Amino acid sequence: MNEAAKKVFIKSYGCQMNVYDAERMADMLEGEAYKEVSSAEEADLIILNTCHIREKAAEKVYSEIGRLKQLKAKRQKEGKQTLLTVAGCVAQAEGAEILRRAPAVDIVVGPQSYHHLPDMLKSAASARKKPVDTDFPTIDKFAALPEPHEQKIQDRGPTAFLTIQEGCDKFCTFCVVPYTRGAEYSRPLKEVLKEADRLLENGVKEVTVLGQNVNAYHGEDEKGDTVSLADLLRTLAAKGTPRLRYTTSHPRDMDEDLINLHGELPVMMPYLHLPVQSGSDRILEAMNRQHKASHYYQIIEKVRKACPHIALSSDFIVGFPGETDQDFKDTMKLIENIDFAQSFSFKYSPRPGTPASSSTDQVPEELKSERLAQLQDLLEKQRLKFNQATVGQTVSVLVERRGKETGIMSGRSPYLQTVQIETSLSRIGDIIDVRIKRASANTLYGEDVTNTR
Ligand code: SAH
Ligand code: SF4
Ligand code: F3S
């Protein structure tokens with residue numbers, strides 16, 4: 001790449017699938033002579049890769065655009081052009097409306113059409129057009145995208161995301177994903193394996209396969225037979241992937257084969273993110289989750305039988321329309337009974353176009369806040385307890401980056417905990433044994449005790 005290369009800055013919001021998409025965009029733009037930079041100030045192209053899941057997430061985009069508008073004007077005075085692109089789920093949901101609300105934006109591109117970005121950039125830069133593309137040509141996208149850029153894979157470090165499934169057909173009544181990401185689609189096995197090979201050849205040690213409903217994966221192999229997520233994970237393990245994870249799963253698609261894999265494959269990390277949202281059957285029904293709390297308990301029992309030390313994680317929504325004190329108590333009870341290692345929890349946020357948003361039974365904001373505080377307090381206690389239980393144990397840690405001080409490296413335990421490691425010999429990408437000495441709610445602290453060097 002020469003000195004005159006243009007610069008792109010990409011900022012991602014939302015879920016891991018957006019992180020993956022941002023990487024694919026950066027890979028693609030590298031081929032268009034755009035070098036990725038880490039600040040908006042020096043960028044000729046700024047991409048906001050947005051999230052529409054809750055109102056706050058969507059509003060963040062507009063305040064960021066407000067800030068970037070000034071930056072754009074300042075650069076213009078210096079004779080520099082800046083193209084501002086809104087990508088991701090807000091782009092999909094709001095389309096051309098974004099241009100009306102925020103005229104500083106030049107391009108709007110949805111999550112299924114960002115492979116069209118190079119052409120859109122050309123027309124935005126020259127013809128003074130403001131291209132908007134929110135089509136759903138899913139199959140084209142993955143096929144049209146270039147393979148991940150080798151140097152970039154190496155620069156991103158030893159962990160990588162790999163999207164294998166997109167979209168959702170479940171239509172939970174609170175959720176925008178089926179509208180912003182479209183129908184459920186599984187990438188063919190061959191395509192996934194090719195991408196995995198490239199990651200492994202470039203030093204990746206841990207692959208997290210991604211999908212909005214990753215355990216609904218049903219890709220085709222070359223014979224045209226259907227391959228499940230468990231089959232795919234077995235194939236990735238057989239290739240010698242040192243560590244494997246998958247996210248996000250839905251309880252309805254958690255089959256026995258996948259559950260048993262946690263006891264069968266040592267490279268499957270002992271961690272399961274399985275959102276339940278609520279512990280009340282009444283609310284689960286109103287959410288259209290298509291399962292009861294008892295079904296969730298049964299899955300967890302089986303998972304723990306297959307892998308007794310597995311760390312469990314979930315998502316919770318409080319204040320869904322019609323949620324009573326008793327419903328909320330049922331959720332608290334479920335949390336107490338299951339004991340989570342870590343979780344994400346949110347106040348219900350009415351989203352435009354979703355069935356629950358038009359319910360007349362909305363829970364007052366104050367009550368939502370009260371319930372969320374109680375629920376998070378319990379989850380936080382469980383998290384601290386889980387972390388403290390690792391003190392004195394020796395766990396295997398993938399070294400991901402240098403720590404702030406010399407002699408300290410930072411990595412992740414099999415249970416996805418951040419570990420600060422005292423070590424003089426380890427390098428990024430090593431998987432080392434660490435004896436845990438201390439734990440807080442967010443971090444474990446330990447020393448390198450690897451004796452196989
Ligand atoms: N596919 C995943 C979830 C994807 S969205 C699943 O089925 O569980 C990530 C999380 O955001 C959800 O699990 C839910 O807890 C939360 N979420 C989604 N829509 C929301 C809304 N309208 N208000 C509050 N939280 C929401
Ligand atoms: Fe949203 Fe439900 Fe689909 Fe998850 S399963 S992405 S919560 S609609
Ligand atoms: Fe957000 Fe879209 Fe992911 S709405 S959570 S970025 S699928």
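As the structure lists them, so they are numbered: ligands from 1, and atoms in each ligand from 1. None of these values were measured; they are calculated from a predicted model.
- The proximity of Gln212 to ligand 1, defined as any non-hydrogen pair under 4.0 Å, is limited to the backbone.
- Nearest non-hydrogen protein atom to atom 6 (S) of ligand 3 is Asn18 ND2, 3.3 Å.
- Under a 4.0 Å criterion applied to the non-hydrogen atoms of Cys51, ligand 3 contributes the atoms 1 (Fe), 4 (S), 5 (S), 6 (S).
- Checking His250 against atom 3 (Fe) of ligand 2, every N/O/S atom stays at or beyond the 2.8 Å cut-off.
- With a 4.0 Å cut-off on non-hydrogen atoms, Met17 does not touch ligand 3 at all.
- When only non-hydrogen protein atoms are considered, atom 22 (N) of ligand 1 lies nearest to Ser349 O, 2.8 Å.
- Taking 4.0 Å as the cut-off, Thr248 counts as a neighbour of ligand 1 on heavy-atom distance.
- Not close to ligand 2: Met287, with no non-hydrogen atom less than 4.0 angstrom away.
- In terms of protein heavy-atom proximity, atom 6 (C) of ligand 1 is closest to Arg289 NH1, 3.8 Å.
- The proximity of Ile317 to ligand 1, defined as any non-hydrogen pair under 4.0 Å, is limited to the side chain.
- If you check which protein heavy atom lies closest to atom 2 (Fe) of ligand 3, you get Cys89 SG, 2.3 Å.
- For the pair Lys170 and ligand 1, no heavy-atom separation below 4.0 Å is found.
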